[in-house]
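Notes follow once the structure below has been shown.
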Amino acid sequence: MKTTNKIKITAMSAGIAVVVTAAMSFTTHVVNNPPITAEVNIPAPVKQIFQRACYDCHSNNTKLQWFDKLPVVAGIVKKDVQDARKHLNFSEWDKLSPAEQESMIWEAYNMIKAGNMPLPSYAALHSNAKVTADEMTVLRNYLDTKRKTVQPDCAQSAQTLPQVTNHGASAKAIPVAPTGIRFMPEFRQWQVMSTTSRFDNTTMRVMFANPIAMKAIKEKNISPWPDGAIVAKVVWEKQIDNDGNIHPGKFVNVQFMVRNQTQYESTDGWGYAKFETQELKPAGTLLTAQTCASCHKAANKTGGIFDLSTLN
């Protein structure tokens with residue numbers, strides 16, 4: 001009888017110890033919720049989708065589940081939230097320019113559509129973060145209202161790229177981006193890999209692939225892309241003539257993506273550069289490359305390259 005009582009007491013003590021240990025293992029403080037400086041200004045049905053699916057990471061109104069506060073997990077959650085807020089924070093919308101605000105909404109939609117957001121590991125435990133097909137339709141219908149109209153401008157012909165060459169020019173004549181990537185006039189001799197058109201900002205693009213990149217495309221060797229692959233994208237504003245035909249108008253910029261898994265490890269193996277206007281002014285900062293890499297995650301099925309011609 002005494003032995004039985006001892007067993008009961010021991011079992012009860014062990015149970016209490018487990019409960020106390022579990023209680024002590026929780027942390028009530030994982031992330032701060034800073035003040036909200038400005039909320040995103042979008043229609044209520046659209047905002048409600050983002051609030052439910054995105055705000056726990058991408059806002060200053062993070063609400064955690066009990067299992068988010070467990071040891072080890074809490075550290076991962078804290079880092080994920082901090083990283084998410086740095087890239088997109090719906091509670092600090094005033095820190096973005098109008099153009100950046102529109103771009104972020106598009107990026108959020110594309111990341112969800114591509115299955116990259118919410119993170120699969122996060123969605124597995126947070127079912128409320130999943131966006132349904134009907135909700136995707138709501139988002140798309142809203143974005144359709146943001147389409148920009150191409151204005152007729154028959155007096156303006158397509159602008160050609162400025163003639164910068166490597167032959168007979170000093171190194172200073174070749175612009176260099178903050179990432180260290182130089183403007184490469186030789187892209188004109190590369191093969192065209194695809195043409196694209198964006199209705200959200202009325203631009204059209206022609207994409208060129210250097211020999212290494214084109215060989216990888218033809219051989220379907222893009223998982224991952226080989227080092228040395230380079231893609232150039234030339235961007236023009238769209239122009240419409242009297243017959244309704246759309247063609248290139250004002251030159252906007254040239255963008256380069258350079259593959260080097262070691263050198264550009266922090267941006268998923270791609271280096272980014274952009275040269276704007278007829279002066280080919282280097283654009284952005286080193287932080288801009290991080291933004292580019294985040295956006296290109298939506299194209300992870302093609303190694304980070306949008307509009308890959310071999311998909312069809």
Side-chain angles (χ1 to χ4, degrees), residues 83-84 86-88 96-97 99-104 106-108 110-111 114 116-117 161-162 164 166 171 174-188 190-198 200-201 203-214 216-217 222-236 251-309:
D83 290 345
K86 286 179 183 177
H87 181 67
L88 168 61
L96 302 176
S97 68
E100 289 173 327
Q101 291 173 0
E102 286 195 14
S103 178
M104 280 299 181
W106 272 100
E107 181 180 331
N110 287 330
M111 292 293 279
N116 294 324
M117 284 291 162
L161 278 79
V164 178
N166 289 322
I174 305 296
V176 179
T179 52
I181 297 172
R182 66 176 179 85
F183 177 79
M184 291 172 262
E186 61 268 28
F187 82 84
R188 294 180 176 86
W190 300 348
Q191 284 185 263
V192 172
M193 59 176 281
S194 66
T195 59
T196 68
S197 178
R198 285 181 57 175
D200 60 306
N201 61 11
T203 60
M204 59 195 310
R205 297 105 184 282
V206 177
M207 298 175 65
F208 300 82
N210 76 341
I212 296 175
M214 186 55 69
I217 292 172
I222 61 171
S223 298
W225 288 78
D227 281 0
I230 306 175
V231 173
K233 181 188 296 183
V234 187
V235 184
W236 290 271
F251 167 74
V252 179
N253 61 53
V254 181
Q255 304 171 26
F256 292 95
M257 290 179 64
V258 179
R259 183 69 178 178
N260 187 311
Q261 295 190 64
T262 302
Q263 184 176 356
Y264 304 115
E265 182 180 4
S266 64
T267 49
D268 300 324
W270 287 103
Y272 296 87
K274 181 189 293 186
F275 303 91
E276 297 185 327
T277 74
Q278 287 286 316
E279 286 72 38
L280 296 176
K281 295 179 180 179
T285 65
L286 289 175
L287 291 177
T288 305
Q290 295 290 342
T291 302
C292 293
S294 178
C295 181
H296 279 260
K297 287 183 184 295
N300 61 355
K301 293 180 181 178
T302 51
I305 300 291
F306 287 107
D307 307 304
L308 190 59
S309 56

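Side-chain atoms of N210 never come within 3.5 Å of backbone atoms of E186 as a donor-acceptor pair (strictly under, hydrogens ignored). A donor-acceptor pair under 3.5 Å is absent between the side-chain atoms of W225 and the main chain of I217, judged by distance alone. Judged purely by atom type and a 3.5 angstrom limit, W270 uses its side chain to pair as donor or acceptor with the backbone of G303.
Here the straight-line distance linking atom NZ of K274 with atom CZ of F183 works out to 14.5 Å at 0.5 Å rounding. Between atom CE of residue M207 and atom CZ of residue F187 there is a gap of 12.5 Å, rounded to the nearest 0.5 Å. Taken from CZ in R205 to OG1 in T195, the straight-line distance is 11.5 Å, to the nearest 0.5 Å. Between the NZ atom of K86 and the OG1 atom of T291 there is a distance of 12.5 Å, given to the nearest 0.5 Å.
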TODO: Start with the C-alpha distance between K233 and V231, add both sets of side-chain angles, then the distance that settles side chain to side chain contact (heavy atoms under 4.5 Å, CB included), and finish with yes or no.
DONE: CA-CA 7 Å; K233 181 188 296 183; V231 173; 5.6 Å; no

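Within the 4.5 Å cutoff, side-chain heavy atoms of H296 are placed close to those of M257. Looking only at side-chain heavy atoms (C-beta outward), E107 and S294 come within less than 4.5 Å of each other. Contact check for K281 versus P175: no side-chain heavy atoms found under the 4.5 Å cut-off. Contact check for F256 versus M184: side-chain heavy atoms found under the 4.5 Å cut-off.
Closest approach of P226 and I212 over heavy atoms only: CG-CG2, 3.9 Å.
Remark: D227 pairs with no residue by the salt bridge (charged side-chain N to carboxylate O under 4.0 Å, His left out) rule, at least two apart or across chains. T288 pairs by the side chain to side chain contact (heavy atoms under 4.5 Å, CB included) definition with T285, C292, not counting sequence neighbours. Residues that satisfy the side chain to side chain contact (heavy atoms under 4.5 Å, CB included) test with L96, not counting sequence neighbours, are W93, E100, Q101, M104. Residues passing the side chain to side chain contact (heavy atoms under 4.5 Å, CB included) test with A177, sequence neighbours excluded: T179, A273, F275.
Listed by first and then second residue, the side-chain hydrogen bond (donor to acceptor under 3.5 Å, both in side chains) pairs involving residues 252-265 are N253-Q255 (not counting sequence neighbours).
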